[in-house]
Amino acid sequence: LTRIQPRPYQWESFVMACMVTSSTSNNPSNSILYLPTGAGKTLVGALMCAAYKRLNPDRMVLFLTDRVPLVFQQARYVEEQTGLACLAVAGDVQLDLPVHELLRYDVLACTVQLWINLLLKGRGEGLLHNFSCVIIDEVHHATRSHPFVVFMESFWHPFRAQTGWAPRILGLTASPASGNPLEMKIQLERLEQLIDGRVCTPLLYRQELAEATNRPDLKFITVPPFTAQQTAFMDEKMAQLRRVLGEALAVQVPANVSFQ
């Protein structure tokens, strides 16, 4: 499915994302894939693009990000890995193309805000019929009034309620929650409710995942306060810096600028 041979934990992640079921039934569920930074989440997304295109040749895959640079980065990566034809869109003009022109592509990558703009134009609902899967990159940003939240609450959920069907959702994240255990539990529950899915992460190959992930060895050092001699030295250096900056910029650097 991809040019690079996925690692065992990436295959497991892909299979879990495809096979995860609802917590209340055996029906297929949307999924939120958690993999640490550097573990290759986007390759799993590329596997999902290739698989859903193969299973649904007449439909596209939608790859949503919340930043324009990621649109081109992810589209280029998916195209390189899968050979699928990817259209990266950073402005409304390209999506004014007729649907049959868009369907010449296999994957459409754009910002989620662009889809909200399509909603305002009344085109989003018609286009969604043509997608089999939606991949949401950095899905942990889906809080409060973020465009990801607007997309799900004002677009995906109403679409499914009206039609009885909606494209499968795969959310990708390296940090699904933060804070103390209770706060993390609440955040995860809200995210699962919004996506109408479940968080998944490799279990069988978690050791391989740990070995493949670069984690810095953190050491915390307590630095004592400056001595009087050190303070005098820093004051002298700051005065020199102010003079140099003042001469270079032809401005007076405030005297209250300090390292302390």
Side-chain angles (χ1 to χ4, degrees), residues 13 16-17 20-24 28-39 41-42 44-45 48-49 61-75 77-78 88-92 95 107-128 131 133-163 165-201:
S13 299
M16 291 181 72
V20 67
T21 58
S22 170
S23 59
T24 58
S29 170
N30 293 328
S31 50
I32 302 160
L33 174 62
Y34 161 65
L35 284 178
T37 299
K41 293 181 298 297
T42 309
V44 179
M48 202 75 165
C49 289
V61 175
L62 178 61
F63 205 122
L64 293 178
T65 75
D66 65 341
R67 288 176 289 166
V68 171
L70 287 177
V71 170
F72 297 96
Q73 175 183 315
Q74 306 298 49
Y77 182 84
V78 170
V89 180
D92 293 0
L95 287 186
V107 180
L108 172 63
C110 64
T111 62
V112 64
Q113 184 59 55
L114 184 55
W115 271 97
I116 295 174
N117 295 345
L118 286 176
L119 280 174
L120 299 177
K121 290 184 175 182
R123 291 199 66 210
E125 292 87 346
L127 280 175
L128 195 58
F131 294 93
C133 179
V134 179
I135 299 175
I136 302 179
D137 196 23
E138 307 288 350
V139 71
H140 56 272
H141 290 307
T143 59
R144 300 184 178 87
S145 58
H146 189 278
F148 284 153
V149 176
V150 177
F151 170 78
M152 292 301 299
E153 292 184 344
S154 302
F155 187 44
W156 190 90
H157 284 286
F159 181 86
R160 188 181 63 172
Q162 294 168 8
T163 65
W165 173 89
R168 187 76 173 269
I169 299 287
L170 170 62
L172 303 176
T173 179
S175 52
S178 60
N180 62 50
L182 178 58
E183 292 172 337
M184 293 178 68
K185 180 177 184 294
I186 294 173
Q187 292 171 28
L188 288 175
E189 289 175 348
R190 287 176 177 171
L191 185 59
E192 288 184 330
Q193 182 179 13
L194 175 70
I195 300 299
D196 190 31
R198 300 173 66 184
V199 175
C200 59
T201 194

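Atoms considered below: every heavy atom in the structure, side chains included; atoms not considered: hydrogens, waters and symmetry mates.
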Inset, instruction - List for me each residue that meets salt bridge (charged side-chain N to carboxylate O under 4.0 Å, His left out) alongside Glu189, sequence neighbours excluded, and say none if there are none. - result: Lys185

Inset, instruction - Measure from the side-chain N and O atoms of His157 to the backbone N and O of Leu194, and report whether any donor-acceptor pair falls under 3.5 Å. - result: yes

Legend entry - Approximate separation, where rounding is to 0.5 Å, of Thr65 OG1 and Phe148 CZ: 6.5 Å

Inset, instruction - Working to the nearest 0.5 Å, report the span between CZ of Phe151 and CD1 of Ile169. - result: 5.0 Å

Inset, instruction - Calculate, to the nearest 0.5 Å, the distance between atoms CD1 and CG belonging to Ile135 and Leu62 respectively. - result: 9.0 Å

Inset, instruction - Just do the side chain to side chain contact (heavy atoms under 4.5 Å, CB included) check on Cys200 and Ile32 with the steps written out, would you? - result: CA-CA 6 Å; Cys200 59; Ile32 302 160; over 6 Å; no

Inset, instruction - Report the distance from atom CG of Leu172 to atom CD1 of Ile136, rounding to the nearest 0.5 Å. - result: 9.0 Å

Legend entry - Leu191 CG to Met184 CE distance, which is reported to the nearest 0.5 Å: 12.0 Å

Legend entry - Whether Glu192 side chain and Val199 backbone form a donor-acceptor pair below 3.5 Å: yes

Legend entry - Side chains of Gln187 and Ser178 in contact at under 4.5 Å (non-hydrogen atoms): yes

Inset, instruction - Nearest 0.5 Å please: distance from the CG atom of Leu128 over to the CZ atom of Phe159. - result: 4.5 Å

Legend entry - Ala174 backbone acceptor or donor facing Thr37 side chain under 3.5 Å: no

Legend entry - Shortest non-hydrogen separation from Ser145 to Val150 and the atoms involved: O-CG2, 3.9 Å

Legend entry - Pairs satisfying salt bridge (charged side-chain N to carboxylate O under 4.0 Å, His left out), at least one member in residues 145-158, at least two apart: none

Legend entry - Where Ala109 and Ala75 come nearest, the two heavy atoms and their spacing: CB-CB, 3.8 Å

Inset, instruction - Please confirm whether the backbone N or O of Ser175 pairs with a side-chain atom of Thr173, one donor and one acceptor, at under 3.5 Å? - result: yes

Inset, instruction - Please identify each residue that fulfils salt bridge (charged side-chain N to carboxylate O under 4.0 Å, His left out) with Arg160, with sequence neighbours left out. - result: Asp196

Inset, instruction - Report the C-alpha separation of Trp156 and Asn30 in whole Å, then their side-chain angles, then the decisive distance to 0.1 Å, and conclude whether the side chain to side chain contact (heavy atoms under 4.5 Å, CB included) test is met. - result: CA-CA 12 Å; Trp156 190 90; Asn30 293 328; 3.3 Å; yes

Inset, instruction - List for me each residue that meets ring-ring contact (aromatic ring centres under 6.0 Å, His included) alongside Phe131, sequence neighbours excluded, and say none if there are none. - result: Trp115

Inset, instruction - I would like to know whether Met152 and Ile195 meet side chain to side chain contact (heavy atoms under 4.5 Å, CB included); could you show each step before the answer? - result: CA-CA 7 Å; Met152 292 301 299; Ile195 300 299; 4.1 Å; yes

Contacts under 3.5 angstrom, residues 66-74 side chains, donor-acceptor by atom type, not counting sequence neighbours:
from  : atom 1 : to     : atom 2 : distance (Å)
Asp66 : OD2    : His146 : NE2    : 3.4
Gln74 : NE2    : Asp137 : OD2    : 2.7

Inset, instruction - For Ala17, enumerate each residue passing the side chain to side chain contact (heavy atoms under 4.5 Å, CB included) test, keeping only those at least two apart in sequence or located in another chain. - result: Ser31, Met48, Leu170

